[in-house]
Amino acid sequence: MNKIAPELIAELKEKKEPEKGLPPLEIKGALVMRFAPNPNGPPTLGSARGIVVNSEYTKKYNGKLIIRFDDTDPATKRPMLEAYTWYLEDCEWLGAKPDEVVIASDRIPEYYEVAEELIRRGGAYVCFCEQEVFKALKDEKKACQHRNEKPQKNLESWKKMLEGEYKEQEAVLRIKTDIAHKDPAIRDWVAFRIIKTPHPRPEVGDKYCVWPLLDFEGAVEDHLLGTTLIIRGKDLTDSETRQRYVYKYMGWTYPETMHWGRVQIHEFGKLSTSGIKKAIAEGQYSGWDDPRLPTIRAIKRRGILPEALRKFMLDLGLGETDISLSLDTLYAENRKIIDPVANRYFFVWDPVELEVEDAEPKIAKAPIHPTRGGLREIPAGTTVYITGNDAESLKIGERLRLKDLYNIEVTDISPLKVKFIGTDMDLVKKEKARIIHWAPLDGLKVRVLSPEREFIGVGERGMEKEVDKVVQFERFGFVRIDSVNGDEVVAYFTHK
RNA sequence: GCUCCGAUAGUGUAGCACGGCCAAUCAUGUCAGACUCUCACUCUGACGACUGGGGUUCAAAUCCCCAUCGGAGCACCA
């Protein structure tokens, strides 16, 4: 078929492809998209969705991808200096290298300019109300006394704000919307507030004491960057209505928008960046790449490949429903990529020594990979290690095979005694005997870190050459060899 | 309380804009079997869903209304 009509096969494939993944876009002009995280921690699986979806669309439609750091809160969600780099690294790892990098805290003067223009046009005013007072008025659809101040007066107050004459909480700049808007979330929102905590970036430091809030910063940036399509979480749906007021005052065109629902992952539950930060400081996690964490760094360290993560994220599509998923699907994607290339090794956890009566030392020859061919050699003495749970399951009289080595029969269980009974595969073929794996006495010390527990045991030699590669420990699962120190190997569990 | 949004198998998703071809797609999962010197991979088969109720229509997963459930916003967080 392939030979006779290759174009038919190509056609078949093409027809099936659009079914999956992201919905097609109707693009009018050039496509400019941005991914806008707050670098107050490293990117997580949640961020990955944003990174992947934005990059996929810009790739597909030949658009431009921008990463914009929305780091305009030096206090409550204080940015983390390392995280800026981590985001760039992880984006690149995910195959989403941005065409442009923008840092909001570098562009404060431009936001000030827009603010000033808005005040002049009567679209913004400085409000001195206490929070509770304003909220009470707002809930009643009533304007406060500052709302009708003349632009000139507002400009003066604004200048004073910038010069640091007011304390935190004393004044804010509000965008004038519709104080009687049926949705209370829209009524005269805050665009700038006073924060006297210096920004963590040394380039910025204490240069500014008036900081924009996300809705304002994002509104201005999306215009300055020429963003044509915004995809963001549905928690930000109201942002659009709010931001449109700014666009209307300034005469700008608002980008197209799309939203997706909240993603929750069973295995991780509800972990917030700030919560993780605290737990790491307390020593509950070894760091941001602890295998129990939903960060991209952790996923990477565990041996999940970027291609698998991309596919996983793209297959979610763009629904507004909140979804709660399990990592099984991600693991299945990853396994498809890894299984054909991962070399096989023996690793025995919770090891138990097994002395084989009547056995002769032998060099076992086992395939490096079940289909790819090639053999590895494992020298076995008359005593080997087997895993604790295999040892416990043995019964007197049971005949079984040590994989790629020889057959044994259990003669006693306490203490455990076995004897050599030959090398013939017929035992397995005819008697359907079990096959268990083993490790040599002089093997490597291996530690496997998994989200559930830490496995300590012995592994065959050879795996020490696979640093940074994903291999399969037979009858255990896939792992990524993380580091080797002399005769000690540390591996991270990938998945079954 | 006010305002938005959503609802397809265990999970995720396609189909819904233009009703019929939907006894509903694909993936994952679970179970069974085949293959295999791994409990991996591969292959075969089975399981499993249109939230409920009304309405419109010859015909509704698809359109309308109500109910229920779920989520989000109403911050000087992002």
Side-chain angles (χ1 to χ4, degrees), chain A residues 16 18-21 23 36-40 70-73 75-79 104 127 129-131 134-135 138-139 141 168-174 181-187 189-195 210-215 217-218 232-242 259 261-264 266 273-274 311-312 314-333 335-336 338-340 342 344-346 364-367 369-371 401-405 407 425 427-429 433-437 472-478 495-496:
Chain A
K16 286 207 167 172
E19 292 290 315
K20 307 175 206 155
N38 173 16
N40 62 337
D70 284 347
D71 59 345
T72 56
D73 177 7
T76 325
K77 288 202 173 166
R78 190 172 172 79
C127 175
C129 291
E130 275 179 39
Q131 241 174 102
F134 186 88
K135 182 175 166 32
K138 181 195 72 178
D139 287 346
K141 305 186 181 178
E168 288 189 11
Q169 314 281 318
E170 203 178 334
V172 293
L173 186 77
R174 288 187 185 278
H181 197 284
K182 61 175 181 171
D183 183 350
I186 307 305
R187 300 170 197 162
W189 50 277
V190 176
F192 285 87
R193 83 295 211 189
I194 298 167
I195 296 176
V210 174
W211 288 91
L213 277 100
L214 178 72
D215 279 335
E217 178 265 327
R232 57 187 162 199
K234 71 172 185 184
D235 48 322
L236 261 29
T237 22
D238 289 338
S239 282
E240 176 168 349
T241 320
R242 284 196 283 253
H259 300 94
R262 270 245 186 280
V263 183
Q264 214 196 87
H266 297 318
T273 302
S274 47
K311 177 140 199 313
F312 177 65
L314 292 174
D315 280 352
L316 297 182
L318 274 181
E320 288 203 31
T321 327
D322 298 312
I323 52 180
S324 171
L325 34 99
S326 131
L327 253 21
D328 282 344
T329 319
L330 172 63
Y331 295 158
E333 292 298 346
R335 192 153 37 226
K336 276 183 207 154
I338 270 171
D339 185 74
R344 269 51 173 175
Y345 293 98
F346 286 156
K365 290 185 179 158
H369 186 275
T371 54
R401 181 169 178 83
L402 295 176
K403 189 168 185 283
D404 304 306
L405 190 61
N407 307 327
M425 270 310 281
L427 181 76
V428 171
K429 299 232 160 93
R434 279 203 287 168
I435 299 168
I436 64 170
H437 71 293
Q472 190 196 46
F473 285 168
E474 294 192 44
R475 301 211 309 141
F476 179 76
F478 293 90
H495 47 65
K496 264 295 208 191

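Convention: sequence-line order gives letters A, B, ...; per-chain numbering from 1.
Atom CD of A/Glu333 is separated from atom CG of A/Asp328 by 12.0 Å, given to the nearest 0.5 angstrom. Distance check: A/Leu405 CG to A/Ile435 CD1 gives 12.0 Å after rounding to the nearest 0.5 Å. Residue A/Gln472 holds its CD atom at 10.5 Å from CZ of A/Phe346, rounded to the nearest 0.5 Å. Atoms NZ and CD, on A/Lys135 and A/Glu130 in that order, are 15.0 Å from each other to the nearest 0.5 Å.
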Every protein N/O lying under 3.5 Å from an N/O of nucleotides 31-41 of chain B:
unit_1, atom_1, unit_2, atom_2, d
B/C37, O2', A/Lys403, NZ, 3.1
B/C37, O2, A/Arg401, NE, 3.1
B/C37, O2, A/Asp404, N, 2.8
B/C37, N3, A/Arg401, NE, 2.9
B/C37, N3, A/Arg401, NH2, 2.7
B/C37, N3, A/Asp404, N, 3.2
B/C37, N4, A/Arg401, NH2, 2.6
B/U38, O2, A/Arg475, N, 3.2
B/U38, N3, A/Gln472, OE1, 2.8
B/U38, O4, A/Arg344, NE, 2.8
B/U38, O4, A/Arg344, NH2, 3.0
B/U38, O4, A/Gln472, OE1, 3.4
B/C39, N4, A/Arg475, NH1, 2.2
B/C39, N4, A/Arg475, NH2, 3.2
B/A40, N3, A/Arg344, NH2, 3.4
B/C41, OP1, A/Arg335, NE, 2.9
B/C41, O4', A/Asp339, OD2, 3.4
B/C41, O2', A/Asp339, OD2, 3.3

Open item on the list: Using the rule given for side chain to side chain contact (heavy atoms under 4.5 Å, CB included), can you reason through A/Arg434 versus A/Arg401, listing the C-alpha separation, both sets of side-chain angles and the distance that settles it, and then say yes or no?
Closed with: CA-CA 6 Å; A/Arg434 279 203 287 168; A/Arg401 181 169 178 83; over 6 Å; no
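As rounded to whole Å, 15 Å separates atom P of B/U11 from atom CZ of A/Phe312. A straight line from OH of A/Tyr331 to C1' of B/U11 spans 15 Å, rounded to a whole angstrom. Distance A/Glu240 CD to B/U3 C1': 15 Å, rounded to the nearest Å. Rounded to an integer number of Å, the gap from CD1 of A/Ile323 to C1' of B/C5 is 16 Å. Distance A/Lys311 NZ to B/U13 C1': 11 Å, rounded to the nearest Å. Atom C1' of nucleotide B/U13 and atom CG of A/Asp328 are separated by 16 Å, given to the nearest angstrom. Taking atom CZ on A/Arg187 and atom P on B/C4, their separation rounds to 12 Å, with Å as the unit. Rounded to a whole Å, the CG atom of A/Leu316 is 15 Å from the P atom of B/U28.
Counting only Watson-Crick and G-U wobble pairs whose two distances sit under 3.5 Å, RNA chain B takes part in these stems of three or more pairs: B:1-7 with B:68-74, B:10-12 with B:26-28, B:29-34 with B:42-47, B:51-55 with B:63-67.
The side-chain heavy atoms of A/Asn40 and A/Ser274, taken from C-beta on, include no pair separated by under 4.5 Å. A 4.5 Å side-chain heavy-atom check between A/Asp404 and A/Pro367 finds at least one atom pair inside the cut-off. The shortest distance between side-chain heavy atoms of A/Leu402 and A/Ile436 falls below 4.5 Å.
Comparing the P positions of B/A7 and B/C63 gives an interatomic distance of 10 Å, to the nearest angstrom. Taking the P atom of each, B/U62 and B/U57 are spaced 16 Å apart, rounded to whole Å. Spacing of C1' atoms, B/U30 relative to B/G10, comes out at 9 Å, to the nearest Å. B/C47 sits 42 Å from B/G73 when the P atoms are compared, rounded to a whole Å. Comparing B/A40 with B/C77, their C1' atoms are spaced 46 Å from each other, to the whole Å. Taking atom C1' in both B/C31 and B/G71, one finds a spacing of 34 Å when rounded to whole Å. For the C1' atoms, the distance linking B/U3 with B/U8 amounts to 28 Å, nearest Å. Atom C1' of B/A9 sits at a distance of 12 Å from the matching atom of B/U28, rounded to the whole Å.
Under the ring-ring contact (aromatic ring centres under 6.0 Å, His included) criterion, A/Phe478 pairs with A/His495, sequence neighbours left out. In this view, A/Asp322 and A/Lys234 satisfy the side chain to side chain donor-acceptor pair (under 3.5 Å) rule, not counting sequence neighbours.
Among A/Thr72, A/Asp71, A/Asp73, the one residue that satisfies the side chain to side chain contact (heavy atoms under 4.5 Å, CB included) test with A/Trp211 is A/Thr72. Of the candidates A/Thr241, A/Asp215, A/Leu213, A/Asp215 is the only one forming a side chain to side chain contact (heavy atoms under 4.5 Å, CB included) with A/Trp189.
Glycosidic conformation at B/A17 (O4'-C1'-N9-C4 for purines, O4'-C1'-N1-C2 for pyrimidines): syn, within 90° of 0.
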TODO: Report, as a single string ordered 5' to 3', how protein heavy atoms within less than 4.0 Å touch nucleotides 61-78 of chain B: B base, S sugar-phosphate only, - not at all.
DONE: ----------SSBBSBBB
Open item on the list: For nucleotides 47-52 of chain B, give me one character per nucleotide, 5' to 3': B if any protein heavy atom sits under 4.0 Å from the base, S if the only such contacts are to the sugar-phosphate, - if neither.
Closed with: ------
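Side-chain atoms of A/Asn38 come within 3.5 Å of backbone atoms of A/Lys77 as a donor-acceptor pair (strictly under, hydrogens ignored). Of the possible polar contacts, none joining the A/Arg475 side chain to the A/Phe473 backbone as a donor-acceptor pair under 3.5 Å is found. Formation of a donor-acceptor pair under 3.5 Å by the A/Arg242 side chain with backbone atoms of A/Ala185 is found in this model.
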